[in-house]
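Just so we're on the same page: letters track the sequence lines, and every chain starts at 1.
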Number of protein chains: 2
Amino acid sequence: VDAIRLVHWGLGAMGAGMVRLVQEKQGLRSVGAVARTPSKHGRDLGEVAGLKTRLGVSVAPALRQALPPDGADLVLLATASFTRDVAPEIIEAASAGLNVITIAEEMAFPWRSQPELARTIDAAAREHGVTVLGTGINPGFVLDTLIVALTGACERVDSIRAARINDLSPFGPTVLRTQGVGTTPEEFARGLDEGTIAGHVGFPESMAMIARALGWHLAEIREDKEPIIANVARETPHVKVAPGMVAGCRQVGYGYSQDGRLLIKLEHPQQVQPEAEGVETGDYIWIEGRPPVNLTIKPEIPGGIGTIAVAVNVIPLVVAHPPGLIHMTDLPLPRSIPAPAGVAASGRQEGAV
Amino acid sequence: VDAIRLVHWGLGAMGAGMVRLVQEKQGLRSVGAVARTPSKHGRDLGEVAGLKTRLGVSVAPALRQALPPDGADLVLLATASFTRDVAPEIIEAASAGLNVITIAEEMAFPWRSQPELARTIDAAAREHGVTVLGTGINPGFVLDTLIVALTGACERVDSIRAARINDLSPFGPTVLRTQGVGTTPEEFARGLDEGTIAGHVGFPESMAMIARALGWHLAEIREDKEPIIANVARETPHVKVAPGMVAGCRQVGYGYSQDGRLLIKLEHPQQVQPEAEGVETGDYIWIEGRPPVNLTIKPEIPGGIGTIAVAVNVIPLVVAHPPGLIHMTDLPLPRSIPAPAGVAASGRQEGAV
């Protein structure tokens, strides 16, 4: 079987991580790369992605310059979070006959917030015979795909509550700023108003994906974002948070039925040093139903690695799927792609059972 | 969309539970029933399944008498655990143009233990354009499907360990006998030798399914079964276990690579009153890899309800799948089918998001 030929579009922390992971996976080959940052242009993709080996792929400023003469199969798109920002890139790739996997959070289920763009993308994908998927760890896995899969063991589902409690301490200034870490409560409120503090992008998408899979109608989706005020001093290499200041953002999403009942509640408090005040990180899912299901993953699946893993692992499933704009719940079960034959690191070997 | 027309074959505890659940689900309709027990023949399926309402379906002694004039779409087969026992029934159903979902444990992945029969079933399914799936809570979900899905969030998987710790106290004499509950250690050893104590059926199937999805080669699969000796008295309505006697069966499965490394370890200690000696029930999955994943479901997803739920919930996915003998990891994510429109019990309503 020929390897799936990949173009990497976007070489930030997530994009570069995908480049590195692709080299460890069977049946995948990096054949092109696109970056916006001029200083990356013309350099070898391996070097730009932090690998010790060159990949023989030169980073280009645009997709048409990145495509090798014999073409490619799929674009891994890691440039932005919102559908309106990635839609032109997706349509350009689809028009070039390339399947697309993007980690743009809104693209996990763009039909809810951007139905017009979703229709346009879906039409372009079908016209050119390619498949487009938005995914990542969240949205894309923990608070939607995993929940849907669990309901498969339920005779009846009455309501769903889930929480992803994570630690922002490893993250740099950009992430800390978009979550309001280190601000005063007043600055936090203003940042939310002005949009400089974004919180988590993806709750409406996760809820819509769950609802679609379960045949539920969500008449209303609401989100609350509030500051997590530190009671004790917290500190990371990038920020100091004094008591009374903001250690993070507690985001809660609610999905209601037509008659006002709460069907889905998602919580995602993101903060630095949660352990300083006894908060344990983890992914939690509670399904009310028959039977009830009470799931815990401790610690939480890390966001960066998880997003990179999910996006790369579904590549063969996306390539094999019929054309159109799809969602994680359309695909077969995700699963980790093995290392190339002969690579013993994880003990994987080629061949059937 | 027309309802999927179902024939229920096997009306024991599991089969009858499926009949009841089907009546709560959108898009499913019971149109036929087959039972071996003569006392059930000619009676209404609703009555036999313990429903308060009649279903207008008469229980027949054989499939050809159970099929309505306008045919059916799928058989829910709940008659036996082993491939050799259900293969003739599956082939009869496939030859009649019916898709098949069976809860026969070995059928979750029959290629490992019965490759000849698997080939025959696969050929019959393809010839008649139908799909055949074996599933249930375990094998079929907790110790295979759920594990595979979790690896989708892993950059690398080195090895997998999982445990399903459950409580046999709710079960009746048949289950207790096949697990050796209430025997002396000597009787237990003899029961294992003679095959009257079976333990759990499904470890090789779960391991083979995981390995196939992850591209691993398992050179050897081994199973140990040993008695769980009670240290304190345990008692249920059906059995008394004195200290020193057998409270259950501890089953452990091992899957090794070609070079002898343990890639998969599955544990399934089944006993009455585990809490009497401080054992907490639950489903546990530990993935060694990047990242490691440490999952807990407490209490465990109950076996009976879970098997009924998984088998019924995948009906639309099986009907939509291309023909052949398939496995859970071939299907899209399982998910709970909603109640019929207008049924408010679980707040579900028809329509898209």
Side-chain angles (χ1 to χ4, degrees), chain A residues 21 24 26 111-112 137 141 145-146 148-149 151-159 208 211-218 257-258 261 263 289-291 293-298 301-302 305-306 308-310 313-314 329-338 345-353, chain B residues 21 24 26 111-112 137 141 145-146 148-149 151-159 208 211-218 257-258 261 263 289-291 293-298 301-302 305-306 308-310 313-314 329-338 345-353:
Chain A
L21 184 57
E24 298 180 24
Q26 198 177 92
W111 300 96
R112 180 94 197 178
I137 196 71
F141 192 82
T145 300
L146 188 55
V148 169
T151 69
C154 295
E155 292 193 340
R156 200 188 73 215
V157 180
D158 297 331
S159 65
R212 175 176 170 273
L214 298 186
W216 288 0
H217 173 64
L218 294 182
S257 69
Q258 192 71 49
R261 279 171 313 108
L263 295 180
R290 191 174 74 223
V293 178
N294 171 17
L295 176 144
T296 301
I297 297 175
K298 265 193 184 179
I301 299 179
I305 293 177
I308 291 165
V310 172
N313 283 327
V314 296
T329 53
D330 295 321
L331 288 178
L333 285 181
R335 80 267 327 256
S336 190
I337 303 175
S346 62
R348 289 156 180 155
Q349 301 178 27
E350 220 170 341
V353 171
Chain B
L21 184 56
E24 298 180 25
Q26 198 177 91
W111 300 97
R112 180 95 197 177
I137 196 69
F141 193 81
T145 299
L146 187 55
V148 169
T151 71
C154 295
E155 292 194 340
R156 202 188 70 217
V157 180
D158 298 331
S159 65
R212 174 175 172 274
L214 298 186
W216 288 1
H217 173 65
L218 294 182
S257 69
Q258 193 70 49
R261 280 171 312 109
L263 296 179
R290 192 175 74 225
V293 178
N294 172 16
L295 176 144
T296 301
I297 297 175
K298 265 193 182 176
I301 298 178
I305 293 178
I308 291 165
V310 172
N313 283 327
V314 296
T329 54
D330 295 321
L331 288 178
L333 285 180
R335 79 266 328 252
S336 189
I337 302 174
S346 61
R348 288 155 183 157
Q349 300 178 24
E350 219 169 340
V353 171

Can you tell me how far OG1 of Thr296(B) sits from NZ of Lys298(A), rounded to the nearest 0.5 angstrom?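 Separation between the atoms: 9.0 Å.
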Can you name the closest pair of heavy atoms from [X] and [Y] and give their distance?
{"X": "Gly215(A)", "Y": "Pro338(B)", "answer": "CA-CG, 4.0 Å"}
{"X": "Asn313(A)", "Y": "Gly152(B)", "answer": "ND2-O, 3.0 Å"}
{"X": "Ile308(A)", "Y": "Glu155(B)", "answer": "CG2-OE2, 3.3 Å"}
{"X": "Cys154(A)", "Y": "Ser336(B)", "answer": "O-OG, 3.2 Å"}

Can you say whether Asp330(B) sits under 4.5 Å from chain A via the side chain, the backbone, both, or neither, judging by heavy atoms?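 For Asp330(B), the backbone is the part near chain A, not the side chain.
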Sequence-distant partners of Ala213(B), side chain to side chain contact (heavy atoms under 4.5 Å, CB included), two or more places apart: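 For Ala213(B) the side chain to side chain contact (heavy atoms under 4.5 Å, CB included) partners, ignoring immediate neighbours, are Arg335(A), Val148(B), Thr329(B).
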Side chain to side chain contact (heavy atoms under 4.5 Å, CB included) against Ala153(A), all qualifying residues, sequence neighbours excluded: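 For Ala153(A) the side chain to side chain contact (heavy atoms under 4.5 Å, CB included) partners, ignoring immediate neighbours, are Ile137(B), Phe141(B), Ile301(B), Val310(B).
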Mind ranking Asn294(A), Leu21(A), Val314(A) by heavy-atom pairs under 4.5 Å with chain B and telling me who comes out on top?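 Heavy-atom pairs under 4.5 Å are most numerous for Asn294(A).
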Does Leu333(A) reach the side chain of Leu333(B), with side-chain heavy atoms less than 4.5 Å apart?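 Yes, close enough: below the 4.5 Å cut-off.
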Using non-hydrogen atoms and a 4.5 Å limit, figure out which bit of Leu331(A) sits close to chain B: side chain, backbone, both or neither.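 For Leu331(A), backbone heavy atoms alone lie under 4.5 Å from chain B.
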